[in-house]
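Note sheet for the following structure.
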Amino acid sequence: MAGDRPGVLRWLFYAYGGGLPARFAPWVLRDLTGRWWLLRHVLRTFVQCLPTFALLFFPASASTLFLMMFIVLFGAMFMSLSYAEESRKHRLYKHGYLPELVLRRPGSREDDDG
C-alpha cells in the first residue's frame with residue numbers, strides 16, 4: 001500500500017539508521033527525494049541527539065552542561081550536514097533503490113545544464 005507510514009517506534013528505528021520492511025519503501029523514497037528531504041534529515045539527526053539531554057541530570061554547573069550539550073549538538077549537526085547526500089544515497093540503497101537512477105529524474109536540478 002503506497003500510503004503506509006511507519007509508526008513511531010519504527011520511525012525511531014529508521015531515524016537511528018535501521019532499515020524498514022519492504023512495504024515502507026515508497027514512503028522511504030518520498031522521505032529521501034521530496035522537496036524537504038534535507039530538513040527531515042536534520043530532524044532525524046536532532047532526534048538522535050535527544051539522549052544528550054540526559055546530561056542535564058549531571059551534577060555540574062549550568063554553563064558546563066550547556067557547553068557539553070552545545071558541543072554534542074553542533075558536532076552532530078556539522079557531521080550530519082557534511083555527509084547528508086552520502087547518507088541519503090545509503091538509505092535509498094538500503095531500501096532497494098539505486099540512487100543513481102532515483103535522484104536523476106527528469107526536471108530535477110541535476111539535469112539542468114545552466
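- No cation-pi contact links Arg88 to Tyr93, judged by a cut-off of 6.0 Å to the six-membered ring centre and 45° from its axis.
- A distance of 7.5 Å separates CZ of Arg40 from CG of Leu32, quoted to the nearest 0.5 Å.
- Hydrophobic clustering, with ILVMFWY side chains joined whenever heavy atoms are under 4.5 angstrom apart, keeps Val42 apart from Phe70.
- The closest donor-acceptor contact from the side chain of Tyr97 to the backbone of Ala25 lies under 3.5 Å.
- Phe74 and Phe53 end up in different hydrophobic clusters when Ile, Leu, Val, Met, Phe, Trp and Tyr side chains are linked at under 4.5 Å.
- Around CZ of Phe57, the count of heavy atoms belonging to other residues, nucleotides or ligands within 6.0 Å does not exceed 12.
- In the hydrophobic clustering of this structure, Leu65 groups with Leu50; members are Ile, Leu, Val, Met, Phe, Trp, Tyr whose side-chain heavy atoms approach within less than 4.5 Å, directly or through other members.
- At a threshold of 4.5 Å between non-hydrogen side-chain atoms, the residues Tyr14 and Trp27 count as touching.
- For Arg44, the side-chain hydrogen bond (donor to acceptor under 3.5 Å, both in side chains) criterion is met by Asp31, not counting sequence neighbours.
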Candidate pair Arg5 and Phe24, rule side-chain contact (heavy atoms from CB on, under 4.5 Å), full reasoning:
CA-CA 6 Å; Arg5 296 178 55 103; Phe24 296 111; 5.6 Å; no
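- A continuous path of Ile, Leu, Val, Met, Phe, Trp and Tyr side chains, each step under 4.5 Å between heavy atoms, connects Val47 with Val28, placing both in one hydrophobic cluster.
- Put simply, the side chain of His95 never gets that close to the backbone of Leu29: no donor and acceptor are under 3.5 Å apart.
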Thr64 vs Phe58, test: side-chain contact (heavy atoms from CB on, under 4.5 Å). Steps then yes/no.
CA-CA 10 Å; Thr64 302; Phe58 284 142; over 6 Å; no
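- Within the model, atoms CG of Leu38 and CG of Leu43 stand 11.5 Å from one another, a figure rounded to the nearest 0.5 Å.
- With hydrogens and angles disregarded, a donor-acceptor distance shorter than 3.5 Å links the side chain of Ser82 to the backbone of Phe78.
- To the nearest 0.5 Å, atom NE2 of residue His90 and atom OH of residue Tyr83 are 15.0 Å apart.
- Rounded to the nearest 0.5 angstrom, Arg91 CZ and Leu20 CG are separated by 8.5 Å.
- For the atom pair OG1 (Thr45) and CG (Leu81), the distance works out to 7.0 Å, reported to the nearest 0.5 Å.
- When every heavy atom of Gly18 is checked against every heavy atom of Lys94, the shortest pair comes out as C-NZ, 4.1 Å.
- Taken to the nearest 0.5 Å, the CH2 atom of Trp37 stands 8.5 Å off from the CG atom of Leu103.
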